[in-house]
Amino acid sequence: MGKVLITGGAGYIGSHVVKRLLERGIETIVLDNLQTGHREAVVGGTCVQGDIGDERILQEIFAGHEIDSVIHMAADCLVGDSTKAPLKYFNNNVNKSLRLLGEMVERRVNKMVFSSSAAVYGNPSRVPIEEDSPALPINPYGETKLIFEKILESCKIAHGLQYISLRYFNAAGADPDGLIGEDHHPETHLIPTVLKALLRKGRRVPIFGTDYDTPDGTCIRDYIHIVDIADAHILALEALHAGEGCDIFNLGNGNGFSVQQIIQATSQVTGRTIPVMESQRRPGDPPVLIASSEKIRKRLGWIPQYGKLEEIIDTAWRWHRTHPHGFRSSVLKKGVGG
Ligand SMILES: NC(=O)c1ccc[n+]([C@@H]2O[C@H](COP(=O)([O-])OP(=O)(O)OC[C@H]3O[C@@H](n4cnc5c(N)ncnc54)[C@H](O)[C@@H]3O)[C@@H](O)[C@H]2O)c1
């Protein structure tokens with residue numbers, strides 16, 4: 001496998017994908033504007049700070065490196081924010097992403113793994129959700145992911161683009177070596193929110209809705225470990241290199257856990273009581289989102305290594321405990337030490 005360009009490679013998922021690729025001896029180049037990513041999260045390879053919408057940078061990167069495939073992860077990715085600022089989302093996730101695709105077509109780089117999302121399904125009528133379930137997104141973020149999947153399909157027909165779209169469910173956990181982890185501002189994901197509440201006095205975990213039609217009344221989601229996500233990208237790249245054709249796969253554990261179950265499990269793993277606060281439902285939160293991951297297991301041979309919820313929470317806890325201020329922790333520590 002030749003050099004892989006990873007857009008958004010300094011972000012939470014991207015940095016773990018880069019680490020895993022490097023561990024497999026695959027050369028990487030990251031393009032990230034660092035709007036939410038961290039340079040320190042890129043543990044090796046080449047890292048270029050720049051925007052996927054900047055044609056000059058794209059031309060320099062493709063001209064200067066023998067790139068044979070792209071993992072496209074750069075995006076704006078907050079569901080709630082997308083309902084307030086839809087144009088920002090369509091611009092970054094579609095318009096700017098088109099420039100990347102245009103450069104790939106121009107340079108005849110014809111392999112892409114795309115970070116799609118469970119958000120394309122909206123409110124599913126059946127769970128576990130299979131890939132052929134209707135894609136009916138209920139927010140601009142999900143719309144942008146679905147539109148880009150359609151663009152990829154058109155480019156397959158017109159330009160011979162080979163792509164695999166991975167529809168992630170809830171990414172969670174951290175690198176088991178403890179080097180990198182999740183560091184979002186603001187943090188909207190449940191597990192880091194719970195762990196941060198343990199590290200900062202006075203913080204309580206909001207539970208958005210306790211009257212859903214679920215066994216304990218709280219929403220149920222499918223959590224997948226970040227290393228298992230990263231490994232799926234390697235399998236997807238290998239499948240594209242083997243000429244196995246374009247496809248769309250869900251990436252989830254196939255197990256659902258409620259907000260209450262996450263809080264209980266976190267309490268067990270950390271040995272601490274979690275301070276919670278019951279709040280109103282958030283608009284647009286489906287009660288249950290669980291992936292069927294049968295297709296990726298069968299077709300790509302993907303087997304999650306960190307399927308247990310406790311392992312997911314434990315790796316995340318190790319990262320947050322040792323990096324209470326995220327990637328700034330080491331800088332702050334040095335500052336304190338003089
Ligand atoms: N985290 C999840 O649970 C989840 C679930 C489904 C899908 N996804 C998708 O996975 C991808 C990565 O998500 P994440 O959680 O790691 O988010 P993240 O915000 O940590 O990472 C996104 C990265 O993209 C970079 N970026 C954004 N716009 C850019 C641009 N125009 N040019 C260059 N770099 C840009 C950011 O700086 C950041 O490093 C996204 O495409 C997201 O939509 C994530």
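As the structure lists them, so they are numbered: ligands from 1, and atoms in each ligand from 1.
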**OP:** Measure the distance from atom 21 (O) of ligand 1 to every protein heavy atom, then report the residue, atom name and distance (to 0.1 Å) of the closest one.
**Re:** Gly11 CA, 3.5 Å
**OP:** Considering only NZ, NE, NH1 and NH2 on the basic side and carboxylate oxygens on the acidic side, decide whether Asp68 and Lys111 come within less than 4.0 Å.
**Re:** no
Subject >> Contact with ligand 1 for Gly50, non-hydrogen, under 4.0 angstrom >> reply: yes
Original post:
OG1/Thr46 to CG/Leu5 distance, rounded to the nearest 0.5 angstrom?
Top reply: 10.5 Å
Subject >> Closest approach of any protein heavy atom to atom 16 (O) of ligand 1, naming residue and atom >> reply: Ile13 N, 2.8 Å
**OP:** Ignoring hydrogens and angles, tell me if any N or O in the side chain of Thr7 forms a donor-acceptor pair with the backbone of Val30 under 3.5 Å.
**Re:** no
Distance-only donor-acceptor hits, side chain of residues 234-251, under 3.5 Å, sequence neighbours excluded:
| unit_1 | atom_1 | unit_2 | atom_2 | d |
| --- | --- | --- | --- | --- |
| Glu238 | OE2 | Arg24 | NH2 | 2.8 |
| Asp247 | OD1 | Lys295 | NZ | 2.7 |
| Asp247 | OD2 | Arg299 | NH1 | 2.9 |
| Asn250 | OD1 | Tyr121 | OH | 2.7 |
| Asn250 | ND2 | Ile129 | O | 2.8 |
| Asn250 | ND2 | Ser292 | O | 3.2 |

**OP:** Looking only at non-hydrogen atoms, find the nearest pair between Asp216 and Ser258 and report the distance.
**Re:** OD2-OG, 2.6 Å
Original post:
Should the pair Glu103-Arg99 be classified as a salt bridge under the 4.0 Å nitrogen-to-oxygen rule?
Top reply: no
Original post:
Among Ile6, Thr36, Asp32, Val17, which residue places a heavy atom closest to atom 22 (C) of ligand 1?
Top reply: Thr36
Original post:
For the residue pair His184 and Tyr12, does the interplanar ring angle fall in the parallel (under 30°), tilted (30 to 60°) or perpendicular (over 60°) class?
Top reply: perpendicular
Original post:
Is the shortest distance from a heavy atom of Thr7 to ligand 1 less than 4.0 Å?
Top reply: no
Subject >> Sub-3.5 Å N/O-N/O distance, Asn170 and ligand 1 >> reply: no
Subject >> Nitrogen or oxygen of Tyr168 less than 3.5 angstrom from that of ligand 1 >> reply: no
Subject >> Heteroatom proximity flag, Ala118 to ligand 1, N/O under 3.5 Å >> reply: no
**OP:** Identify, for atom 32 (N) of ligand 1, the protein heavy atom at the shortest distance, and state residue, atom and that distance.
**Re:** Ile52 N, 3.0 Å
Subject >> Within-cut-off N or O pair, Cys77 and ligand 1, under 3.5 Å >> reply: no
Original post:
Out of curiosity, is Gly53 lining ligand 1, as in a heavy atom under 4.0 Å away?
Top reply: no
Original post:
Contact between Lys145 and ligand 1, counting heavy atoms under 4.0 Å?
Top reply: yes
Original post:
In terms of residue, atom name and distance, what is the protein heavy atom nearest to atom 3 (O) of ligand 1?
Top reply: Ala171 N, 3.0 Å
**OP:** Would you mind listing which atoms of ligand 1 come within a distance below 4.0 Å of any non-hydrogen atom of Leu34?
**Re:** 37 (O)
Original post:
Hey, any chance Tyr223 and Leu195 share a hydrophobic cluster, counting ILVMFWY side chains that come within less than 4.5 Å of each other, even indirectly?
Top reply: yes
**OP:** Taking only heavy atoms of Gly37 into account, list the atoms of ligand 1 that are under 4.0 Å away from them.
**Re:** 36 (C), 37 (O), 38 (C), 39 (O)
Original post:
Quick one: does Ser116 get an N or O within less than 3.5 Å of an N or O on ligand 1?
Top reply: no
**OP:** Return yes if a side-chain donor-acceptor contact under 3.5 Å exists between Glu182 and His189, otherwise no.
**Re:** yes
Subject >> Selected option - heavy-atom contact closest to atom 26 (N) of ligand 1, from Asn91, Leu78, Asn33, Ile224 >> reply: Asn33
Original post:
Have Tyr163 and Glu153 got a donor and an acceptor in their side chains that come within less than 3.5 Å?
Top reply: yes
Subject >> Transitive ILVMFWY side-chain link Leu289 to Tyr212, under 4.5 Å >> reply: no
Original post:
Measuring from the heavy atoms of His189, does anything fall under 4.0 Å of ligand 1?
Top reply: yes
Original post:
Under 30°, 30 to 60°, or over 60°: which ring-plane class applies to His323 and Trp319, parallel, tilted or perpendicular?
Top reply: parallel
**OP:** Under 4.0 Å from a heavy atom of Ala74: give me the atoms of ligand 1 that qualify, with their elements.
**Re:** 24 (O), 26 (N), 29 (C), 34 (N), 35 (C)
**OP:** Around atom 5 (C) of ligand 1, find the nearest protein heavy atom and jot down its residue, atom name and distance.
**Re:** Phe169 O, 3.3 Å
Original post:
Is there a path of hydrophobic side-chain contacts, each under 4.5 Å between heavy atoms of I, L, V, M, F, W or Y residues, that connects Phe90 with Phe114?
Top reply: yes
Side-chain donor/acceptor pairs under 3.5 Å, residues 51-65, sequence neighbours excluded:
| unit_1 | atom_1 | unit_2 | atom_2 | d |
| --- | --- | --- | --- | --- |
| Asp51 | OD1 | Gly53 | N | 2.8 |
| Asp51 | OD1 | Lys96 | NZ | 3.3 |
| Asp51 | OD2 | Asn33 | ND2 | 3.1 |
| Asp51 | OD2 | Lys96 | NZ | 3.2 |
| Asp54 | OD1 | Arg56 | N | 3.1 |
| Asp54 | OD1 | Ile57 | N | 3.3 |
| Arg56 | NH1 | Glu60 | OE2 | 2.9 |
| His65 | ND1 | Lys3 | NZ | 2.7 |

**OP:** State the atoms of ligand 1, each with its element, that fall below the 4.0 Å cut-off from a heavy-atom position in Tyr141.
**Re:** 6 (C), 7 (C), 8 (N), 9 (C), 42 (C), 43 (O)
Subject >> Element-labelled atoms of ligand 1 that are located less than 4.0 Å from some non-hydrogen atom of His184 >> reply: 15 (O), 17 (O), 18 (P), 19 (O), 20 (O)
Original post:
For ligand 1, which part of Asn92 has a heavy atom less than 4.0 Å away: the side chain, the backbone, both, or neither?
Top reply: side chain
Original post:
Just checking, is any N or O donor in the side chain of Asp81 or Tyr141 under 3.5 Å from an acceptor N or O on the other one?
Top reply: no
**OP:** Could you list the atoms of ligand 1 found under 4.0 angstrom from a heavy atom of Ala75?
**Re:** 24 (O), 27 (C), 28 (N), 40 (C), 41 (O)
Original post:
Considering only heavy atoms of Met73, which atoms of ligand 1 have at least one such atom less than 4.0 Å away?
Top reply: 11 (C), 12 (C), 40 (C), 41 (O)
